Structure formats: C-alpha cells, structure tokens
Amino acid sequence: MTDNRFDPSKADGRWQRAWDEAGTFTADSNSDKPKSYILEMFPYPSGRIHMGHVRNYTMGDVLARYQKMRGHEVLHPMGWDAFGMPAENAAMEKKVHPGTWTRSNIAAMKAQLQRIGFALDWTREFATCDPEYYGHEQALFLDLYEAGLVYRRQSEVNWDPVDMTVLANEQVIDGKGWRSGAEVEKRKLDQWFFKITDFADDLLQGLGELKDWPDKVRLMQENWIGKSSGLEFSFELQSDARPGPVEGREGGGARASTSSARAEIPERLDVYTTRPDTIFGASFCAIAADHPIAQSLASNPEIAAFIEECKRGGTTAAELETAEKLGFDTGITAKHPFTGAALPIFIANFVLMDYGTGAVMGVPGHDQRDFEFATKYELPIARVVAKDVSEADAPMGDEAESGDGVIVNSDFLDGRSVEDAKADVIARAEDGGWGKGTTVWRLRDWGVSRQRYWGTPIPIIHSPDHGPVPVPKDQLPVELPEDIDFETPGNPLERHPTWKHTVCPISGKPALRETDTLDTFVDSSWYFLRFASQPDGAPFDAEEIAKWLPVQHYIGGVEHAILHLLYARFWTRALAHIGKIDVKEPFAALFTQGMVTHQTYSARLKSIRLTEEGETLIHRLLDNKLTMEQALSEHPELFEGSRRWLDPNDVVENEDGTFDAPSVENEFRDADSVFYEGVELGRVEKMSKSKKNVVDPDAIIDQYGADAVRWFMLSDSPPERDLPWSEAGIEGCWRFVQRLWRLFDAYDPAAKGEDKDLTRKTHQTILAVGEDIEALSFNKAVARLYELTGAAEKAAPSEARNFAIRAILHMVSPMMPHLAEEAYAKMGETGLIAEAAWPQHDPDLLVEDEVTIAIQHKGKLRDTITAPKGATKEDLEALALASEKVQRSLQGAEVRKVIVVPDRLVNIVT
RNA sequence: GCGGGUGUGGCGGAAUGGUAGACGCCGGGGACUUAAAAUCCCCUGAUCCUAUAGAUCGUGCGAGUUCGAGUCUCGCCACCCGCACCA
C-alpha cells in the first residue's frame with residue numbers, strides 16, 4: 001500500500017485540535033494589526049447544519065483565513081440565534097423544555113461546524129437565550145425606552161382563539177391559524193413599539209453610502225421605507241342636498257338611505273395626495289372602511305354591512321389583482337377648495353387606513369384605481385394633464401394617464417408643468433391654512449410584543465398606581481421561569497402561577513410583570529456588537545466596538561434583505577443616538593449568497609386505498625381542523641393524481657432517458673395503499689425536506705472529508721447564484737484533493753533549475769487569486785488554482801516548480817485548510833500554515849515576452865500569430881499581411897484600413 | 001401592476017468593446033493492470049466537406065452603433081426574485 005493518499009478522517013481532527021490548542025483564531029482586540037471583522041449571519045439552532053450553512057460559513061471562512069494571512073487581526077465569531085417558535089413547537093410536540101431542546105441542538109450543530117474546520121473564535125460564542133445576553137438586551141431596551149424610542153399603544157393582531165395566541169401574518173393561511181385551523185380574529189392588544197420611523201429618513205439616506213451592498217438590497221430597503229412627498233389638506237364637509245338612494249347610477253353604487261348618522265359627521269376630511277397638481281381633476285373622495293367617519297356611520301346597517309364586506313376582502317396577491325373596486329356613497333360631500341364643487345364621499349375598499357390619512361381625493365383621469373372606481377360608479381373623468389396645451393380637450397383613453405405633461409383645464413394652473421403646479425398648489429394651501437406639504441412614509445413603527453414564552457421578557461412592571469414602570473436595572477435580567485407548562489393553550493408566561501407577580505418598584509405594592517416577550521429580530525439586531533466586545537456587567541464597550549466595527553464582510557441569505565438588516569441598522573443608529581456607541585452603519589459590505597439546490601424527482605399517484613391514516617385525515621378536514629392545502633402537503637400519498645416527491649437516491653435513470661424508482665414502488669405496494677404512475681425529472685430546487693432533495697453535510701464529510709466539501713462550495717457557481725449539488729461534483733473535488741496531495745508530495749527541495757513560463761504563471765496566479773478572493777469571486781480563484789496545478793504537474797522538477805507548489809499550497813490553505821496543514825508539516829515546516837503569510841507576487845515577473853496576436857479580416861478571425869510583446873504597429877501589420885491564410889481570405893482585395901491593437905489583434909478592412 | 005435580476009455547449013460557468021466557450025462536471029477513445037479501482041494521455045459547440053493544414057453557423061429573439069458586440073443602445077420574448085390597491 002502506498003501512503004500517497006490524503007486521509008481526512010485522520011488529518012481533519014488533528015489539525016482542528018492543533019488550531020484550537022494554539023488559539024489560532026482567537027481575536028485580540030489589542031492587536032496593532034489592521035482589523036478585519038468577518039461575519040456570517042448566525043444560525044437558528046434548528047438541530048442540524050444544512051448545506052446552505054456550509055456554503056455560507058465556508059465563504060466567510062476563506063475571507064477570514066485570507067485576511068489573517070494578509071497580516072490582519074481577524075474577528076470571525078459564531079453564536080446562536082436561539083429564541084423562537086420552533087423550540088415552543090417542539091415543546092408541545094415532544095414534551096421537552098424549549099431550553100433543553102435548544103441547548104442540545106446547539107451542541108449538535110457546534111460539533112458539526114467544528115468538524116468542517118472553520119476558523120472561528122469560539123471564545124466569544126453565546127446564544128441569545130443566555131440570560132446574560134438577554135439581560136443586556138433588556139437593559140438596552142430600557143435605555144431606548146428612557147430615550148423615548150420605545151412606546152406602548154393598542155394595535156390590532158391576528159388572534160387564534162383555539163391556541164389563544166397571537167399569530168404572525170405568515171401563520172395565517174386563508175384566514176385560519178396554521179396550527180389550529182381555527183378562524184383567526186382581529187384583536188386589539190396593548191403592544192410595545194420601537195420608534196423606527198424616527199430614523200426613516202436617516203435609514204434611507206444611509207443607504208446611499210453603502211456602496212458595497214448589493215443594489216438589489218438597497219432598493220428593497222428603499223421601497224420598504226417608502227418615502228413619498230405631497231400635500232395633506234382638508235376638505236370642508238357639507239350636507240348632501242341630493243335625497244335618498246342613488247339614481248341613475250347603474251353600476252350598483254349603494255347609497256346611504258338614511259340621514260340619521262349625519263349629526264356625528266366632523267366638519268373636515270383630511271386627505272393626502274402626491275399629485276396636488278391634479279386637484280382640479282378630483283371628482284370624488286374615498287375613505288377607508290375603518291376610517292373614523294365610516295365608523296361613525298356604521299349605525300346605518302347598510303354601511304355596517306359594507307364595512308364588513310371590505311374587511312373580508314382577501315389580501316393575497318391574486319385576490320388584489322382581480323379585486324373589484326367597491327364603494328358606498330356616504331351621502332356626505334366635500335367642498336373642493338378651489339372650485340367649491342361638491343364631491344361625493346365614498347367608503348371604498350381600496351383605501352388603506354394605515355397609509356397617509358386613510359382618505360384620498362379621487363382623480364380618475366390620472367390615477368388608475370380612481371379611474372376604475374369612477375368608471376364603475378359613472379363619476380366624471382376629467383383631463384387635467386395633457387401632452388401639450390393644444391391637447392386639453394383630447395378624450396381620455398381606457399386607462400388613467402399618470403405620466404408627465406402640462407396642466408390643463410385647471411384655472412390658474414393651466415400650462416404649468418406638473419412639478420411647478422405641485423409646488424404652487426402646496427404654497428396656496430399653506431397660505432390659505434387648509435393644507436401643508438408633507439412627507440409620508442410606508443415604514444411603520446416596529447411592533448415587538450410577542451405573546452410567547454421562548455423569547456426575551458420585556459422588562460416592564462405594570463403598576464396599578466404608576467402604569468408601566470421599567471424593571472430597575474439592578475434587577476436584570478428578568479429571567480424566564482424554568483417550570484413551564486405547554487399543555488394548555490395560550491402564553492405560558494401569562495399562565496405561570498407565580499412568575500408575573502411582583503411589586504411596583506416605586507410604590508412597593510403588588511404589581512404584574514409584562515408577560516409578552518420581544519420579537520426575536522431584536523435579539524439579532526445587536527449580536528454583532530456583543531461579538532466584538534463582551535465586558536462583564538455591560539452589553540459592550542464602546543471603545544472596543546470602535547476597534548472592530550463596522551463589519552468588513554457580512555454574508556448571509558437574501559431573505560434577510562429587509563427586516564433583519566433594517567432592524568440591525570436601526571438599532572445601531574438608535575444606540576449611537578443615545579451615545580452608547582459611535583458607529584452608524586453596522587455592515588460596511590454585505591454579500592447575499594445563493595442557495596444550495598439539488599435535483600428533484602416526483603411520481604404521480606395512481607390509485608388510493610384509504611388507510612386508517614387517511615380516515616383520520618378526512619375527519620380532521622371535516623372538523624375544519626385542517627385546510628385542504630395542509631392535508632395535501634402533509635399526506636400527499638392519500639390524494640390521487642397528486643405528485644409525491646422522491647428522494648433522488650431512490651431514482652434510477654433508464655437507458656432510454658426515462659426514470660424509475662423501484663425501491664419506492666415496492667415500498668408503496670407493500671403498504672398496499674398507493675401506486676405511482678411514473679417518475680419524472682423535476683426542477684433543480686432549493687434543498688428542502690418536503691421536496692426530499694436534502695443532502696446531509698455530515699454524511700458527505702464522513703465520506704470525503706471537510707476539504708472536499710469546502711472546495712465544492714467554492715467551485716463553479718458564482719457565490720451570489722444558486723449552487724447545484726451533485727454527486728459527480730463532490731467526487732471531482734475529492735479527486736482534486738488527492739491530486740493536490742500528490743503534487744505536494746512531489747515537492748523536492750533539492751530540485752534545481754529555472755522554468756520561466758511556470759514562474760510567470762505562478763506570479764500571475766498569485767495576483768489573480770488574491771484579487772478574486774477579495775472580490776468574493778471564489779469560483780474564479782478556484783479555476784485559476786486548477787490551471788496552475790495542471791501546469792505545475794506537467795513541469796519538470798525545478799526551483800520554479802517548487803515555488804509554484806508552495807504558492808499553490810498557501811493559496812489553497814484558506815479553502816482546504818486540513819490538507820494544507822498536513823502537506824505543510826510534511827514539507828518539514830513546524831508552524832501552522834494558517835498563521836503563515838500569503839505569497840507575494842513580483843510585478844516584474846508577470847509580463848509575457850511573447851504574445852499571440854489574432855488576425856482578423858473584416859472582423860472575422862483568419863489566423864493567429866506569435867509576436868514579441870510590445871511589437872510596433874507597423875511590424876504587426878506587416879506580419880499580419882504576410883500570413884498565407886490572410887492573403888487567401890483577402891483574394892487580392894484592396895486593403896482600405898488596418899486596425900492594430902498592440903499585443904492583441906490586427907483587423908484588416910477591405 | 002411596479003421594481004430588480006438572469007438568459008453563453010449535454011451541465012455549472014469563463015471572457016477591461018478585441019481569438020467566445022477558460023476551469024470544472026458529464027461523455028467518448030486510449031495507456032497501465034490477469035482484472036478492477038486509482039492514475040495518466042487524447043478527443044469533446046453545431047453543421048457541411050473532397051472529413052489531415054477546409055468552410056459556414058453560433059452567446060434568448062429583432063434591429064442599431066462600431067473596423068470589430070456575449071459585452072454598448074433601442075424594441076421584444078422567456079424564466080426567476082422582491083413588493084403590492086402606499087393615493
């Protein structure tokens with residue numbers, strides 16, 4: 001047997017221990033070296049590391065190791081985003097305490113991460129469910145509370161009456177709770193909010209400076225913040241002179257038929273518009289169903305019924321797309337501020353209460369929604385913007401014209417530009433005292449109250465005399481009780497027999513603790529600060545934060561493009577605002593990596609025999625405990641014609657290109673319940689349990705070792721795109737690991753002699769790989785290393801070859817650290833290559849002395865020639881014309897022009 | 001509907017306006033071997049040909065700018081992602 005093979009099962013663990021014992025990756029805040037903070041989004045401890053994690057952390061790891069070799073002091077920490085619902089779900093299903101479940105998941109995942117050999121500073125590890133961490137978070141919450149950035153108000157929530165809990169929007173499926181299947185109710189609860197809107201403008205402005213963020217993410221945040229400017233103004237309200245039900249309005253416009261409610265009508269209606277220039281085109285007003293005026297009219301049963309109808313309207317994309325504009329004439333009119341015309345006021349289903357003032361002026365000519373509404377209810381559609389003044393009387397088409405133009409049919413605004421007219425109307429409104437120019441934001445304050453157990457308790461005491469009172473800081477952390485019961489529905493903290501009972505810090509009288517916990521996004525809004533600095537007795541130290549922040553590279557999934565990244569930016573600003581830190585933007589550069597995908601296969605179901613399971617399912621459906629979609633996704637095998645996903649490992653390809661899954665077929669037949677009809681190739685999709693295309697990293701590492709997996713994660717696909725997993729691909733990586741090992745083994749210190757070509761290629765590669773890594777173009781760095789490896793393999797032993805081999809060894813070491821350490825030691829080095837310096841390229845040795853010149857005739861390639869580097873244009877032209885192939889192509893035609901690009905090409909034009 | 005992205009061999013993908021397909025995977029042929037594994041070498045965009053050193057076509061489609069376009073401009077198409085009745 002030869003020992004000429006690299007054995008990761010032995011080497012990986014050995015070097016992981018060596019790094020650990022040497023403290024190689026422990027970051028020193030007091031180091032004089034330039035500092036690099038490399039961070040990947042910390043994981044939720046779900047139980048297992050998946051390929052997406054491996055890809056994410058491998059990228060960060062290469063950067064961290066590279067920066068260290070470039071002489072930086074690197075902070076590359078890891079921790080756990082440990083609060084959240086899955087732990088409570090596990091508690092309910094498996095009867096384990098959420099803390100126990102979470103802790104054991106963390107232990108398992110940490111072990112998995114360690115065997116991949118990541119260069120992490122584990123001394124800074126923490127979990128957000130550590131009382132120490134969330135205690136500091138509570139203190140920061142109270143600091144922000146004192147600064148007026150936290151407040152409490154009533155807010156509507158989705159309430160599941162069966163589970164007695166609040167649901168996030170994503171947990172409401174077709175108006176029903178995802179778990180209980182019960183009809184979700186709207187409830188008003190007192191909730192805590194962060195005043196993120198105070199920073200709306202600043203958060204928006206700040207985006208402009210984040211040059212190293214993807215444009216896509218900046219745009220998404222920009223849209224989310226949603227700044228718009230316009231005019232907020234009020235209409236005087238009038239009694240409607242028109243009597244009774246609507247006449248001559250075939251569109252079915254209902255109309256309030258009683259006047260009983262009119263006494264309660266306020267005198268004014270505030271509206272917001274971004275198009276004050278079109279004010280002369282207003283033909284109606286519309287208010288939201290939950291607008292105070294609509295509410296005050298609800299004593300009229302017709303109106304009450306209409307309001308109910310509006311609320312029922314679906315909120316899914318498809319429903320909104322097709323939803324008809326519906327209105328109800330209130331019988332009240334608004335007086336147009338310039339013309340005095342009486343505009344009917346409708347309650348309308350397309351007006352949102354929580355944007356602007358919850359009321360709009362309807363300008364059908366120049367707003368598509370207003371246009372549809374006016375068409376339906378036969379309201380006037382006037383043109384007030386035209387391409388040109390001469391087009392003032394041009395008829396309107398079949399949709400609104402929202403484009404630019406000049407104002408027409410608008411009294412004093414006629415002939416003015418849109419922008420000009422906007423400014424004029426705003427000025428007149430302000431002079432007249434009936435309106436003012438305003439900025440409106442889409443961004444809402446951040447509601448952070450969650451009626452759950454497994455989160456950071458909100459450190460507030462509700463005192464009967466003093467209302468909500470902060471928990472005194474010396475009583476922090478407010479710890480979660482351990483003895484908790486998940487048997488009965490509702491918030492376990494609320495139900496706990498003793499936990500919430502305490503005393504008022506001011507009066508000493510009995511009082512109740514706040515039983516809500518914080519949104520887990522709060523936990524991840526400052527963890528990167530805690531990684532950088534963790535003094536005793538304080539969340540962090542500002543001076544130490546200043547040494548590391550901002551994070552140099554922040555890497556994670558694009559799914560966090562809005563919420564997490566916006567909240568983290570907000571917290572950083574808020575903490576800076578109250579003087580806790582001196583950093584504004586937490587992440588200097590952001591990189592959003594693609595997903596790891598894999599082939600899917602599915603089979604169609606042919607026949608069913610109902611099993612016991614199926615009958616249970618039907619009962620659950622009948623009892624409304626389950627929606628059809630849920631039943632389908634949980635038990636696809638019970639539905640004829642539906643598709644069942646197959647594990648790619650069960651699928652075999654036939655010679656004719658079709659697929660079969662013999663093992664699954666047998667499994668089905670044995671169960672005597674289901675038959676499949678045919679196996680089909682599905683799309684390459686993100687690995688997910690439900691699609692059965694997950695590949696477990698642990699099993700792959702067992703087989704090929706950490707380095708092959710890491711190399712795979714970096715190869716081929718650009719890191720921002722999806723990476724398709726393949727068995728063949730990982731085998732290729734494994735072969736390359738061994739190929740490198742043999743090359744390193746061929747290192748012969750005694751070899752003598754030059755090899756100019758190889759030396760040049762080595763220097764070129766050193767330069768290029770460094771640039772590629774810094775640009776996070778790992779796939780290109782990998783390709784260059786393949787090339788140089790090929791060249792070094794073919795070269796005869798020489799000093800130049802030894803130089804190339806050592807350069808390759810150093811350059812692959814951030815990517816395949818175990819192999820590199822093993823080879824480094826075998827070459828007789830006593831230190832760790834993880835602590836070695838990145839190789840230097842010599843600019844003088846990069847230059848080629850001969851170049852290949854392309855010869856084109858009319859832009860088409862006819863020949864290539866070799867010429868000395870830096871040959872003159874005249875020489876190149878002469879060489880080109882001397883080419884036999886070129887002469888044949890020219891066929892004696894007259895040469896009109898010759899374009900010469902030095903060292904590149906000659907193009908002959910005839 | 002609005003916004004953004006992507007489109008190149010059988011596949012993943014390279015390519016400062018200058019030789020399209022680097023590099024990897026798959027596939028084919030060969031060497032070594034009793035055999036296999038491993039390894040090494042060669043071929044591998046399509047079509048045509050008189051098939052050695054030939055020609056034509058080719059980067060989603062259609063135009064344009066240019067001596068020269070995968071790359072720039074305009075107009076389409078397809079797919080993916082995000083947001084969504086935001087006044």
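For the numbers below, each heavy atom of this structure counts, side chains included, while hydrogens, waters and symmetry mates do not. Numbered from 1 within each chain, the chains take letters A, B, ... in sequence-line order. Note that this is a predicted model, so its numbers are computed, not measured.
- Residue-level contact check: A/Val440 touches neither bases nor backbone, having no heavy atom under 4.0 Å from any strand.
- With contacts defined as side-chain heavy-atom distances shorter than 4.5 Å, the pair A/Arg442/A/Ile225 does not qualify.
- Across the P atoms, B/G27 and B/C11 are found 15 Å apart, a figure rounded to whole Å.
- Nearer the 5' end of RNA chain B, as judged by each residue's closest nucleotide, is the contact made by A/Ile853, out of A/Ile853 and A/Tyr272.
- Between B/C41 and B/C23, the two P atoms lie 13 Å apart (nearest whole Å).
- Between A/Arg683 and B/C80, a side-chain N or O to OP1/OP2 separation shorter than 4.0 Å is present.
- For A/Arg55 (side chain) and A/Gly594 (main-chain N/O), a donor-acceptor pair under 3.5 Å exists by modelled atom type.
- For A/Arg275 (side chain) and A/Asp277 (main-chain N/O), no donor-acceptor pair under 3.5 Å exists by modelled atom type.
- A/Val684 has its side chain out of reach of A/His598: every pair of non-hydrogen atoms, C-beta onward, lies at least 4.5 Å apart.
- No side-chain heavy atom of A/Tyr272 sits under 4.5 Å from any side-chain heavy atom of A/Val360.
- Aromatic ring pairs are classed by plane angle as parallel below 30°, tilted from 30° to 60° and perpendicular above 60°; the pair A/Phe280 and A/His336 is tilted.
- Residues from residues 761-773 of chain A with heavy atoms under 4.0 angstrom of RNA chain B: there are none.
- Base contact: A/Leu905 has a heavy atom under 4.0 Å from a base atom.
- A salt bridge links A/Lys227 with A/Asp201: the closest approach of a Lys/Arg side-chain nitrogen to an acidic carboxylate oxygen falls below 4.0 angstrom.
- The stretch residues 784-792 of chain A comes close to RNA chain B through A/Tyr786, A/Glu787, each having a heavy atom under 4.0 Å from the strand.
- Side-chain atoms of A/Leu563 and A/Trp224, non-hydrogen and from C-beta on, do get closer than 4.5 Å to each other.
- Rounded to whole Å, the C1' atom of B/G60 lies 7 Å from the corresponding atom of B/C77.
- Protein atom CZ of A/Arg442 is 15 Å distant from nucleotide atom P of B/G3, rounded to whole Å.
- When distances are taken from the side chain of A/Leu861 to each of B/A87, B/G18, B/A20, the shortest belongs to B/A20.
- Considering only heavy atoms from C-beta on, A/Trp711 comes within 4.5 Å of A/Val782 through its side chain.
- Distance alone, capped at 3.5 Å, places no donor-acceptor pair between the A/Asp863 side chain and the A/Ile855 backbone.
- The side chain of A/Thr273 has B/A87 as its nearest neighbour among B/U39, B/A87, B/A84.
- Using a 4.0 Å heavy-atom criterion, one finds that A/Thr852 contacts the bases of the nucleic acid, with or without backbone contacts as well.
- Between A/Arg862 and A/Thr357, it is A/Arg862 whose nearest contact on RNA chain B lies nearer the 5' terminus.
- Using a distance-only test at 3.5 Å, with no hydrogens or angles considered, a donor-acceptor pair links the side chain of A/Asn693 to the main chain of A/Ser688.
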Please produce a list of atom pairs where a protein N or O lies less than 3.5 Å from an N or O of nucleotides 12-15 of chain B.
residue: B/G12; atom: O2'; partner: A/Ser717; partner atom: OG; Å: 2.8
residue: B/G12; atom: N2; partner: A/Asp716; partner atom: OD1; Å: 3.0
residue: B/A14; atom: OP1; partner: A/Asn779; partner atom: ND2; Å: 3.3
residue: B/A15; atom: OP1; partner: A/Lys780; partner atom: NZ; Å: 2.8

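- Comparing B/C85, B/C23, B/G54 by their nearest atom to the side chain of A/Ala783 picks out B/C23.
- For the C1' atoms, the distance from B/G54 to B/C81 is 48 Å, rounded to whole Å.
- What separates CG of A/Asp903 from P of B/U19 is a distance of 13 Å, to the nearest Å.
- In B/G64 the base sits anti relative to the sugar, since the glycosidic angle is further than 90° from 0.
- The CZ-P distance, from A/Phe712 to B/C25, rounds to 12 Å in whole Å.
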Under 3.5 Å, N/O pairs linking protein and nucleotides 30-33 of chain B:
none

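- Put simply, A/Lys860 has no side-chain N or O that comes within less than 4.0 Å of OP1 or OP2 on B/G58.
- Of the C1' atoms belonging to B/G21 and B/C57, the separation is 15 Å, rounded to the nearest Å.
- Atom CH2 of A/Trp711 is separated from atom P of B/C25 by 12 Å (rounded to the nearest Å).
- Taking only side-chain nitrogens and oxygens, A/Arg742 comes nearer than 4.0 Å to OP1 or OP2 of B/C40.
- Contact of the A/Leu443 side chain with the A/Ile196 side chain is registered, since non-hydrogen atoms from C-beta on lie closer than 4.5 Å.
- As a whole-Å value, the separation of A/Ile225 CD1 from B/G3 P is 19 Å.
- When the C1' atom is compared between B/A53 and B/G17, the two are found 31 Å apart, to the nearest whole Å.
- Here the side chains of A/Lys897 and A/Asn907 are not in contact, with every heavy-atom distance at 4.5 Å or above.
- In this structure, A/Lys216 atom NZ and B/G3 atom C1' are separated by 11 Å, rounded to whole Å.
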Go through the steps to decide whether A/Gln764 and A/Glu848 satisfy the test side-chain hydrogen bond (donor to acceptor under 3.5 Å, both in side chains), and finish with yes or no.
CA-CA 10 Å; A/Gln764 288 171 339; A/Glu848 314 262 357; 3.1 Å; yes

Fill in the dot-bracket string of RNA chain B, one character per base: . for unpaired, | for a pair to another strand, ( ) or [ ] for pairs within the strand, taking Watson-Crick or G-U pairs under 3.5 Å.
(((((((..(((.....[....))).(((((.......))))).((((.....))))..(((((..]....))))))))))))....

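- Spacing of P atoms, B/U19 relative to B/G12, comes out at 24 Å, to the nearest Å.
- For the pair A/Val217/A/Pro214, a side-chain contact is recorded, criterion being any heavy-atom separation below 4.5 Å from C-beta on.
- Using modelled atom types, one side-chain atom of A/Arg710 and one backbone atom of A/Met815 make a donor-acceptor pair closer than 3.5 Å.
- In this structure a side-chain-to-backbone donor-acceptor pair under 3.5 Å is present from A/His366 to A/Glu401.
- Electrostatic pairing of A/Glu787 and A/Lys761 counts as a salt bridge here, judged by a charged N lying under 4.0 Å from a carboxylate O.
- Rounded to an integer number of Å, the gap from A/Met595 CE to B/G5 C1' is 13 Å.
- Regarding contacts with the backbone of B/A38, every side-chain N or O of A/Arg735 stays at 4.0 angstrom or more from both OP1 and OP2.
- You'll find that the side chain of A/Met220 is closest to B/G82, out of B/A55, B/G82, B/A87.
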Contact list (N/O, under 3.5 angstrom) for nucleotides 65-74 of chain B vs protein:
residue: B/C67; atom: O2'; partner: A/Asn907; partner atom: ND2; Å: 3.3
residue: B/C67; atom: O2; partner: A/Asn907; partner atom: ND2; Å: 2.6

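- Under a 3.5 Å cut-off, the side chain of A/Glu685 and the backbone N or O of A/Lys691 do not form any donor-acceptor pair.
- The ring pair (Phe, Tyr, Trp, His ring centres under 6.0 Å) test with A/Phe712 is passed by exactly one of A/Trp725, A/Phe736, A/Tyr704, A/Phe778: A/Trp725.
- Taking 4.0 Å as the cut-off between side-chain N and carboxylate O, A/Arg739 and A/Glu793 count as a salt-bridged pair.
- Atoms CD (A/Gln738) and P (B/C40) sit 11 Å apart, rounded to a whole Å.
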